[in-house]
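What follows is a short report on a single structure.
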Amino acid sequence: YLLIGIVIFPALWVYDPRPMMGFQSFRIPTTSNSPTLQVGDYVMVNMKAYRKSEPDYGDIVVFKKDDGLQYLFRVVGRPNDRLELKDNIITINGRSSKATIIRDTVFERFPVTEMIEELPNGHKHLIYKFNPPPYDVSKTTFKDMVVPEDCFFLLGDNRDYAMDSRYSGFVRKADIQGRILYSYWGKSAK
């Protein structure tokens with residue numbers, strides 16, 4: 001048994017078996033999903049989550065863009081959904097999300113409102129809205145957007161600070177690699 005331990009322990013030290021088992025960890029590099037995920041947080045991702053199912057509203061998914069890099073944002077639009085965004089609050093197929101103000105605070109020297117957004121399917125998560133938005137205010141509102149077949153529309157929880165589907169377009173199902181399960185190290189770890 002000692003010989004087996006001597007062989008296996010160094011192999012596991014060098015080789016990370018989690019991707020083979022379908023799990024992978026990522027470190028959050030940006031504030032695009034604050035306050036839910038903070039810079040420096042580590043998250044565990046189920047890389048096999050969508051082999052037999054579709055991403056659902058509220059899931060934070062990891063996907064690969066044409067530049068080869070991996071990104072993560074929250075699913076707010078599924079194939080054939082009709083979407084509207086009004087002052088950064090999403091409406092899906094005519095059903096508006098509920099936004100409840102928690103508090104006014106400061107994020108990176110900017111005044112923000114921290115809110116709980118409840119999607120029409122009941123999923124709740126935190127979002128930030130800047131007061132006023134320091135960036136392109138034309139991206140805080142749109143009407144009558146239809147998500148193409150086999151695509152998804154994703155938004156960051158830090159609505160005015162995320163280069164999400166409003167900027168880069170729809171995300172193809174084939175490009176979605178997995179779903180975040182939980183944060184296990186950092187400010188957001190639960």
Side-chain angles (χ1 to χ4, degrees), residues 28 30-38 43 45 49-50 53-65 71-108 110-183 188:
I28 303 301
T30 71
T31 60
S32 296
N33 288 295
S34 293
T36 306
L37 299 171
Q38 305 290 325
V43 294
V45 176
Y50 301 119
S53 67
E54 295 285 316
D56 199 6
Y57 303 111
D59 289 356
I60 299 178
V61 298
V62 173
F63 63 98
K64 189 174 280 192
K65 285 188 180 180
Y71 297 84
L72 54 106
F73 290 115
R74 189 174 302 280
V75 174
V76 296
R78 296 172 43 117
N80 303 311
D81 280 347
R82 182 171 300 280
L83 305 177
E84 289 185 26
L85 192 69
K86 184 176 181 183
D87 193 26
N88 275 328
I89 303 300
I90 194 76
T91 297
I92 305 167
N93 298 321
R95 295 180 61 208
S96 183
S97 296
K98 297 175 188 167
T100 306
I101 295 173
I102 296 175
R103 65 185 173 136
D104 288 323
T105 186
V106 175
F107 174 77
E108 294 189 353
F110 293 103
V112 297
T113 300
E114 186 174 340
M115 308 174 88
I116 294 176
E117 180 178 54
E118 182 177 351
L119 297 176
N121 70 340
H123 177 86
K124 295 178 182 179
H125 56 274
L126 297 173
I127 64 170
Y128 276 158
K129 286 178 46 179
F130 283 74
N131 301 318
Y135 301 106
D136 189 355
V137 294
S138 70
K139 300 297 184 180
T140 64
T141 301
F142 60 75
K143 287 186 173 195
D144 297 323
M145 178 182 292
V146 177
V147 180
E149 189 69 36
D150 208 34
C151 289
F152 293 83
F153 191 83
L154 310 177
L155 288 176
D157 292 345
N158 194 349
R159 295 286 159 86
D160 296 307
Y161 222 64
M163 294 296 288
D164 48 32
S165 288
R166 294 172 292 175
Y167 295 91
S168 59
F170 302 104
V171 176
R172 297 180 306 245
K173 165 100 168 50
D175 294 333
I176 295 176
Q177 300 177 315
R179 177 174 57 91
I180 290 183
L181 297 174
Y182 57 87
S183 175
S188 302

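We count residues from 1, following the sequence as given.
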Can you check side-chain contact (heavy atoms from CB on, under 4.5 Å) on Val171 and Tyr71, steps first, answer last? CA-CA 11 Å; Val171 176; Tyr71 297 84; over 6 Å; no

Using a 3.5 Å distance criterion without hydrogens, assess whether the side chain of Asp59 forms a donor-acceptor pair with backbone atoms of Arg179. no

Can you check side-chain contact (heavy atoms from CB on, under 4.5 Å) on Leu181 and Val45, steps first, answer last? CA-CA 6 Å; Leu181 297 174; Val45 176; over 6 Å; no

Taking every heavy atom of Ser183 against every heavy atom of Leu37, the minimum-distance pair comes out as CB-CD2, 4.3 Å

Where do Phe130 and Asn158 come nearest, in terms of heavy atoms and distance? CE1-OD1, 3.2 Å

Could you list the donor-acceptor pairs under 3.5 angstrom formed by side chains in residues 99-106, with sequence neighbours left out?
from	atom 1	to	atom 2	distance (Å)
Arg103	NE	Glu114	OE1	3.0
Arg103	NH2	Glu114	OE1	3.0
Asp104	OD1	Thr113	OG1	2.8

Return the set of residues passing side chain to side chain donor-acceptor pair (under 3.5 Å) with Glu54 (not counting sequence neighbours), or none when no residue passes. none

Phe153-Phe142 aromatic ring centre distance below 6.0 Å: yes

Find the distance between OG (Ser97) and CE (Met115) and round it off to the nearest 0.5 Å. 10.5 Å

Minimal non-hydrogen separation, Gly156 against Asn33, with atom names: CA-OD1, 3.6 Å

Suppose the criterion is salt bridge (charged side-chain N to carboxylate O under 4.0 Å, His left out): which pairs have a residue in residues 72-81, not counting sequence neighbours? Asp56-Arg78, Arg74-Asp157

Interatomic distance, Arg82 atom CZ to Met145 atom CE [nearest 0.5 angstrom]: 11.0 Å

Show me the side-chain donor-acceptor pairs of residues 84-91 shorter than 3.5 Å, one per line, residues at least two apart or across chains.
from	atom 1	to	atom 2	distance (Å)
Asp87	OD2	Lys129	NZ	2.9
Asn88	OD1	Arg166	NH1	3.0
Asn88	ND2	Asp160	OD1	2.9

Non-hydrogen atoms of Phe73 and Asp164 that approach each other most closely: CE1-CA, 3.8 Å

Which residues pass the ring pair (Phe, Tyr, Trp, His ring centres under 6.0 Å) test with Tyr128, not counting sequence neighbours? Phe107

Do you know the tightest heavy-atom contact between Ser165 and Phe152? OG-O, 4.2 Å

Checking Arg172 now: which residues fulfil salt bridge (charged side-chain N to carboxylate O under 4.0 Å, His left out) with it, not counting sequence neighbours? Asp66, Asp175

Can you pull out every side-chain hydrogen bond (donor to acceptor under 3.5 Å, both in side chains) where at least one residue sits in residues 139-156? Sequence neighbours excluded, please. Asn80-Glu149

Testing the basics here: between Phe170 and Val146, what is the closest heavy-atom pair and its distance to 0.1 Å? CZ-O, 3.7 Å

